[in-house]
Amino acid sequence: MLKAMIVEDNIFFREMFKNWLLTQYPSTEIIEAGSGEEALKWLGSYAFDLVFMDIHLPGENGLEITRKIKAEWQEVSVIILSSYDMPEYREAAIRYGANSFIAKDSLKWNQISAMVKCFQRAKDSIGLKPSCVRLASEGSQ
Amino acid sequence: MMFKTMLVEDSTSFRQIVKINLQDQFPSMDIIEAADGVEAFQKIDSHPPNLILMDVTLPGENGLELTKKIKADYPGVIIIILTSHDSPEYREAAIRYKANYFLSKGSIATDEIFKLVKSIILEKGVNADGSDN
């Protein structure tokens, strides 16, 4: 079963996102975290495949949290979903090891959907993950 | 009469995810989208909605100003202000401009929104899924 986490302090967006993911992929397990601190706690207890990460969060920002996640759990794919599409953010996302950076404004839900589907398949066949993420990055361009 | 809802929100991704969620909850609801006040007014004039979910921060006129204008022309339409910035000034303006509800995106749970929308639909005498009686 694919295990994903949505790290986002805006409850409305987080829940809408989760509801939608569950309608598309009812067998996916989705955990919600309202801050980076909460996200790290979850990661300490469970193995996640995929993390959707907002940048503006209470406490440490999503880029810092991504750096921490990648230092400890390299196998977890982190997709940054940012409200602000700034070169500094994109560069930091790459530097800190995020697998993809998607600006919320150019986000296409069907591409997220295709990506999640890809990750779900990759659970059974090792080596598919990089192409799953490329799919998401292309979708945001 | 099919229940018609308009989403006035400049973020495409946010607008779409709200639309997908609402459609899932209320399959027969007719959902119209507008990215700013100009588009909203064009669509309201041709197809007045029953309910508007209104963002505050928009390009051009903000959602509070728009609410004032819409309520002047269409007093019967229910307007829910949905904002990321919950400030007393916004709340006061929302009341002054006759918005029906003021909700903060940061703290409102989606099932509360669905319940609210459902109650508005039922008040209008339409079936709960948004279809005709």
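Below, read A as the first sequence line, B as the second, and so on, with proteins coming before strands; counting in each chain starts at 1.
- A salt bridge does not link A:E15 to A:K18: none of the charged nitrogens lies less than 4.0 Å from a carboxylate oxygen.
- Comparing B:I108, B:L82, B:T110 by heavy-atom pairs within less than 4.5 Å of chain A, the highest count is held by B:T110.
- Heavy-atom distances place both the backbone and the side chain of B:I17 under 4.5 Å from chain A.
- In this structure, chain A has a heavy atom under 4.5 Å from the side chain of B:I113, while its backbone stays farther away.
- Counting heavy-atom pairs under 4.5 Å between each of B:N21, B:D10, B:V18 and chain A puts B:N21 at the top.
- In this structure, chain B has a heavy atom under 4.5 Å from the backbone of A:D9, while its side chain stays farther away.
- In this structure, no portion of B:L103 lies under 4.5 Å from any heavy atom of chain A.
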Can you list the steps and then say if A:F17 with A:F52 is a ring-ring contact (aromatic ring centres under 6.0 Å, His included)? CA-CA 10 Å; A:F17 187 12; A:F52 292 100; 5.0 Å; yes
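- In this structure, A:K3 is positioned above the aromatic face of A:Y46, its NZ or CZ under 6.0 Å from the six-membered ring centre and within 45° of the axis.
- Within 6.0 Å of atom NZ in B:K69, 12 or fewer heavy atoms from other residues, nucleotides or ligands are found, so the atom counts as exposed in its surroundings.
- The environment of B:K118 atom NZ is sparse: at most 12 non-hydrogen atoms of other residues, nucleotides or ligands sit within 6.0 angstrom.
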